Amino acid sequence: MLDLIILSLHYFICFLICIAIWCGPKDVDLHSSSTGGPETESDGLVFIGKEEDIKKSQRITAKVDGREIVVFYHEGKFHALDSRCYHEGGPLCQGEIEDIDGQACIVCPWHKFKITLETGEGLYEGINPLEPSPTPKWQSKGVKQRIHKVMIDNGNVYVSPPDLSVSFDSDYYADKYKIGGELAMGK
């Protein structure tokens with residue numbers, strides 16, 4: 001009888017923990033610092049956070065014109081890009097940064113797509129079957145991910161709103177998550 005009571009108590013506690021997790025904060029970025037909401041300056045730039053805070057955390061997510069972006073600090077430079085991968089909307093803020101052929105790339109945690117931080121190009125490793133001894137080489141798919149201009153002023157980090165006159169593959173997921181929120185975070 002005591003075993004049944006202990007087992008029931010155990011399941012009840014597990015149930016409460018599941019409820020707490022389910023009702024808790026969504027889309028928490030463990031790599032970002034809290035800076036409050038973004039503020040638009042008179043010149044159109046959007047305040048993202050303090051330079052030192054972002055340097056410490058290495059990355060932060062923010063909304064710019066309703067669009068979620070991620071700002072990375074990597075090897076002395078700030079980079080900003082749409083936070084959802086152009087391939088299927090994976091959360092790039094949770095990806096790892098790798099050096100690929102001398103270029104810093106974010107690796108999407110869902111499908112391991114590689115995107116350069118500097119230009120937003122998608123990279124893949126391919127071979128030329130016409131070569132006598134084809135060996136895999138890193139090649140570009142072209143610019144797939146929208147990047148955003150980062151400005152530093154008096155220890156503050158700002159991002160320019162996107163120029164939507166030019167479209168990128170990542171725009172689809174940026175718009176989808178702008179409207180639908182956390183559509184696929186659990187993937």
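Because the structure is predicted, anything quoted here is derived from the model rather than measured. Numbers here are sequence positions counted from 1.
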Chemist: Is there a continuous path of hydrophobic side-chain contacts, each under 4.5 Å between heavy atoms, that joins Val143 to Val166?
Modeler: yes
Chemist: Can you tell if the side chain of Leu123 reaches within under 4.5 Å of the side chain of Cys105, non-hydrogen atoms only?
Modeler: yes
Chemist: Shortest non-hydrogen contact from Gly66 to Lys178?
Modeler: O-CG, 3.1 Å
Chemist: Which value, rounded to the nearest 0.5 Å, describes the distance between Lys77 atom NZ and Leu117 atom CG?
Modeler: 9.5 Å
Chemist: Ignoring hydrogens and geometry, is there a side-chain-to-backbone donor-acceptor pair from Thr116 to Glu121 under 3.5 Å?
Modeler: yes
Chemist: List in chain and number order the residues that pass ring pair (Phe, Tyr, Trp, His ring centres under 6.0 Å) with Tyr173, two or more places apart in sequence or in another chain; answer none if no residue qualifies.
Modeler: none
Chemist: Can you list the residues that meet the ring pair (Phe, Tyr, Trp, His ring centres under 6.0 Å) rule with Tyr73, with sequence neighbours excluded?
Modeler: Phe78
Chemist: Please confirm whether the backbone N or O of Cys93 pairs with a side-chain atom of Ser83, one donor and one acceptor, at under 3.5 Å?
Modeler: no
Chemist: Would you name the heavy atoms of Cys108 and Cys85 that are closest together and state the gap between them?
Modeler: SG-CB, 3.7 Å
Chemist: With hydrophobic residues grouped by side-chain heavy-atom distances under 4.5 Å, do Val46 and Ile152 end up in a single group?
Modeler: yes
Chemist: Quick check: closest heavy atoms across Val64 and Pro161, and the distance to 0.1 Å?
Modeler: CG1-CA, 3.8 Å
Chemist: If we count only N and O atoms by modelled type, under 3.5 Å, do the side chains of His87 and Asp169 hold a donor and an acceptor together?
Modeler: no
Chemist: Test of understanding: with side-chain hydrogen bond (donor to acceptor under 3.5 Å, both in side chains), list the residues that count as partners of His79, not counting sequence neighbours.
Modeler: none
Chemist: Mind checking the CD-CD1 spacing from Glu75 to Ile97? Nearest 0.5 Å is all I need.
Modeler: 8.5 Å
Chemist: Test your reading of the model: is there a side-chain donor-acceptor pair from Asp171 to the backbone of Phe168, 3.5 Å cut-off?
Modeler: yes
Chemist: Starting at NZ of Lys141, measure out to CD1 of Ile115 and round the result to the nearest 0.5 Å.
Modeler: 8.5 Å
Chemist: Distance check, rounded to the nearest 0.5 Å: Gln58 atom CD versus Phe72 atom CZ?
Modeler: 10.5 Å
Chemist: Sequence neighbours excluded and cut-off under 3.5 Å, please list the side-chain donor-acceptor pairs for residues 124-135, or say none.
Modeler:
unit_1, atom_1, unit_2, atom_2, d
Tyr124, OH, Gln139, OE1, 3.1
Asn128, OD1, Leu130, N, 2.9
Glu131, OE2, Lys137, NZ, 3.2

Chemist: Starting from the C-alpha separation in whole Å, work towards a yes-or-no answer on salt bridge (charged side-chain N to carboxylate O under 4.0 Å, His left out) for Glu51 and Lys55.
Modeler: CA-CA 6 Å; Glu51 181 178 9; Lys55 283 181 177 180; 3.3 Å; yes
Chemist: Which heavy atom in Ile60 sits nearest to a heavy atom in Ile48, and how many Å separate them?
Modeler: CG2-CG2, 3.8 Å
Chemist: Which pair of heavy atoms, one from Arg67 and one from Asp82, lies closest together, and at what distance?
Modeler: NE-OD1, 2.8 Å
Chemist: Can you tell me how far the CG atom of Leu92 sits from the CZ atom of Arg84, to the nearest 0.5 Å?
Modeler: 8.5 Å
Chemist: Report the residues that fulfil ring pair (Phe, Tyr, Trp, His ring centres under 6.0 Å) with Tyr86, sequence neighbours left out, ordered by chain and then residue number.
Modeler: Phe113
Chemist: Hey, could you give me the CG/CD distance between Leu81 and Glu118, rounded to the nearest 0.5 Å?
Modeler: 11.0 Å
Chemist: Group every Ile, Leu, Val, Met, Phe, Trp and Tyr by side-chain heavy-atom contacts under 4.5 Å, then state whether Met151 and Phe47 land in the same group.
Modeler: yes
Chemist: Are any side-chain N or O atoms of Arg146 and backbone N or O atoms of Ser170, one a donor and one an acceptor, separated by less than 3.5 Å?
Modeler: no
Chemist: Can you pull out every salt bridge (Lys or Arg N to Asp or Glu O under 4.0 Å) where at least one residue sits in residues 152-165? Sequence neighbours excluded, please.
Modeler: none
Chemist: Quick check: closest heavy atoms across Ile69 and Ala80, and the distance to 0.1 Å?
Modeler: CD1-CB, 4.5 Å
Chemist: Tell me if a side-chain donor or acceptor on Lys114 pairs with a main-chain N or O of Lys112 at a distance below 3.5 Å.
Modeler: yes
